[in-house]
Amino acid sequence: MSTPYKPESIEAQAQRYWQEARSFEVGEAPGKQKFYCLTMFPYPSGKLHMGHVRVFTISDVIARYQRMQGMHVLQPMGWDAFGMPAENAAIKHGVPPAEWTYRNIGEMRAQMDRLGYGYDWSREVTTCRPEYYRWEQWLFTKMFEKGLVYRKNSVVNWDPVDQTVLANEQVIDGRGWRSDALVERREIPQWFMKITAYADELLDELDRMPGWPDSVKTMQRNWIGRSEGVELSFNVAGEDEPLTVYTTRPDTLMGVTYMAVAAEHPLAAKAAETSPDVRAFIEECLQTDASEATLETMEKKGMPLGISAIHPLTGDEVPLWVANFVLMSYGTGAVMAVPGHDERDWDFARKHDIEIRQVIAPADGTHIDIGEGAYIDKGVLVNSGEYDGMDFDTAFNAIANHFEKTGRGSRAVNYRLRDWGVSRQRYWGAPIPIIYCDDCDAVPVPEEDLPVVLPEDVKVTGAGSPLKDMPGFVATTCPKCGKDARRETDTFDTFVESSWYFARYACPDADAMLDERAAYWTPVDQYTGGIEHAILHLLYSRFFQRVMRDEGLTEVSEPFTNLLTQGMVLKDGAKMSKNKGNVVDPQELIAQYGADTVRLFMMFAAPPEQSLEWSDEGVQGSYRFMKRFWYAVMDHVDAGKAAAPDPGALSGDQKALRRKTHQTIAKIGDDIGRRNSFNTAIAAAMELLNAVNRFDDDSEQGRAVVHEALEAVVLMLSPMTPHICHALWNVLGHDSAVVDQPWPAVDESALELDTIELVVQVNGKLRGRVSVPADAGREDIEAVAIADENVQRFVDGKEIRKVIVVPGRLVNIVV
RNA sequence: GCCGGGAUGGCGGAACUGGUAGACGCGCCGGAUUCAAAAUCCGGUUUCCGAGAGGAAGUGGGGGUUCGAUUCCCCCUCCCGGCACCA
């Protein structure tokens, strides 16, 4: 009787081995080729969920595979430990955020070890530790000196009942999640990092990043949104200050029939002084949350201000409106409107009975009716006086030149990308290292006084930041003049921590932000994480990497050479969540089936980039496969020793199994190494094992080819299911550990075939299959194909027009 | 609303560069084993027509390019991710 498959004991054994052998702790080895394999670190929310298990398993498979390819692999792990959930838990249960966070980290780390991930824990990074965040505080002060950070007013969601700032996700249908009060837009001073200073570099480099998915690069390109246009000044009747707008379509300038400003614009405020209607409208505009999705989907409203701008070419009066879809913080807070050639302007003009003027006509002379809808394509100018007949480029240049000559405007490059607001009015984050002095204004904390440590023994109530009420934290002296001063109580956006942690893993204990070890390990060779981070986290990290580079900390510009974005884990077609009650706890599954089964299912159920539909039956199927695998090896070994195959002495069936083995080695190597196609890799391993189980041959050579096949399966599945493979490798007679084995080699001579099967089509429809010698010529193949009995039924009596032969695949006869 | 992605048997998915649609797994059906069940093993399984050989249809919907389209192009529907304070 074979030894039964008992995952709990073999998994514990393998994990003990890795721990005692320190299999995954790596130092810098300049002679070896390094491979830095990283997954987006988790927020320590309490327990691992299936999404974590999926991304960590993907990364672990890649790390273990690359190790078998001879790479010197680093795979670290850490904690994105600041964030709102800790404050929410504190409000709900009265536990201080720090305590809650550290407890969660302990729990999740134990779960990760139970799943068998090959992490170098000696490099663990926890972002809520002062020894970590001191360096981002330090970098902030360096950026301050360089003018890369600045303070300006910007909009937040204000909950008037809780007297606190809300995150966008805390605003539900325009109301505060706890108070249910209508949220207001409010402007407060906040700190910004000048990511726009790097906009061109961040954009241009995308063209030289073949290791990133096109979709992510496209999203980042669109997000940066570089455009070339013209900045123009419109005089305003009765005002000294002109109104400046930016447009990418100066060719439509003669079609401007109104202009719109934001509710917060000074001209709107001025009109409100005399008009109660305008005042009421402005107040209504502020009763909305600040997210772009809300602004873009809400009803477009506006009101005339009773003020006119002067058209810079015609001198005509153009009415000025205040509108809820124009935002003060974007651009100049004012837009020119061309309803004839912009959809939003067209809708707005229709609604408010504003003139719609056609100034562009299709270049091919097609008639269009501007009363039916806006014509937004580029074309030829009409109704534009001296510019009539010009195409877009000619008109763009003519009008731009005119404005540059008259000093009323200029060509300008504009970005959709806005500077990064890093201030958060929250407690559980890294303090922004600034001191406010009545005389010296905002002064960065000197290097020798860093870190500014966040006090951890606090009571969180949910109404404002507790830091404001801690005189011991706030009260300080000005580093410049020594007078009494106040500390900044805002903390960093948590994206700041996640924008450089990947570099810190290289040197977690360095007495500087980075040291020479980062030069060895960075950039990350393989980065894996959720597609939801395609823009913000990945763009901020690319920005930070450059700031660190320009500070002389590294020579690397791009932090992540290859990027894999994995899909979500769904159940019943929806993301797993407590609200929906469709959560599957990894812990219970591991207890029932073992880590290998869970890992195998995760990798088998879907390709990594797609969403993965959870299936309890599928997990059982993976468990069944683990058992079949286990007993196949056990039964083989129980029957005695096996020799190495002698290629010259194999029968046809033996040769066929050996061919299958080497075909599979080639396929799985390609699937994992090139395609990140783990599901098909596993399917191929299953096929090979099925072939072994069907293979009934006790002869010496028969046992030899089976042995070779089983060893190959053990080696090739070891990245996916490392524990069972650790055990089976020893069962197969090896003293070594499978984790240190090289990837199996393909024997090209085993792949050779004498005859191949070709598909025969008639007019593209499958009509038969024929066997031909592998080296058959085109004429022989055609003759054999046409001679096929079933093919004859469709060819007979018809004229053969063309025969297409796709070598090794098919023959298509066109009649 | 804007940007990005997706849709293939009863289900998850495969088909990599335009060349056999449905690999592999789940489920289901039939059989073996068993006193019985579980577990395990063997066979079948896109739909329709046909005893069979075989034929017809078929990759969200509509059109197009091609000897040949799940794959390329145009239009549409639905679902998912992101939209700058969730991480």
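The sequence lines fix the lettering, A, B, ..., with proteins before strands; numbering per chain opens at 1. For clarity, every value in this text was computed on a predicted model and none was experimentally measured.
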Under 4.0 Å between a side-chain N/O of [X] and OP1 or OP2 of [N], yes or no?
X         : N      : answer
Asn679(A) : G25(B) : no
Arg221(A) : G4(B)  : no
Asn222(A) : C83(B) : no
Arg624(A) : G27(B) : yes

Practice problem: Indicate, yes or no, whether a donor-acceptor pair under 3.5 Å links the base of C67(B) to the side chain of Arg801(A). | Solution: no
Quiz item: With distance as the sole criterion, do the side chain of Arg809(A) and the base of U20(B) form a donor-acceptor contact below 3.5 Å?
Solution: no
Exercise. Can you spot which of Trp223(A), Tyr198(A), Phe495(A) makes a ring pair (Phe, Tyr, Trp, His ring centres under 6.0 Å) with Tyr540(A)?
Key: Phe495(A)
Assign [X] to base, sugar-phosphate, or nothing according to its heavy-atom contacts below 4.0 angstrom with the strands shown.
X         : value
Glu617(A) : sugar-phosphate
Gln425(A) : base
Val171(A) : nothing

Looking only at the side chain of [X] (C-beta and beyond, no hydrogens), which of the listed nucleotides [options] gets closest?
X         : options                : result
Lys765(A) : A57(B), A14(B), A87(B) : A57(B)
Leu536(A) : C83(B), A14(B), A23(B) : C83(B)
Leu810(A) : G19(B), G27(B), A87(B) : G19(B)
Glu613(A) : G12(B), C80(B), C16(B) : G12(B)
Asn168(A) : G4(B), C86(B), U20(B)  : C86(B)
Asn812(A) : C3(B), G19(B), G1(B)   : G19(B)

Self-check item: Distance-only polar pair, side chains of Trp177(A) and Asp159(A), donor-acceptor under 3.5 Å
Solution: no
Quiz prompt | Check: Gln566(A)/Gln610(A) side-chain N/O donor and acceptor closer than 3.5 Å | solution = no
Practice problem: Report the base-pairing partner of C26(B) (Watson-Crick or G-U wobble, both distances below 3.5 angstrom), or none. | Solution: G10(B)
Practice problem: Determine the Euclidean distance between corresponding C1' atoms of A21(B) and G43(B); express it in Å to zero decimal places. | Solution: 23 Å
Quiz item: Distance between the C1' atoms of G58(B) and G9(B), in whole angstroms?
Solution: 10 Å
Quiz item: Is a salt bridge present between Glu609(A) and Arg675(A), judged by a nitrogen-to-oxygen distance below 4.0 Å?
Solution: no
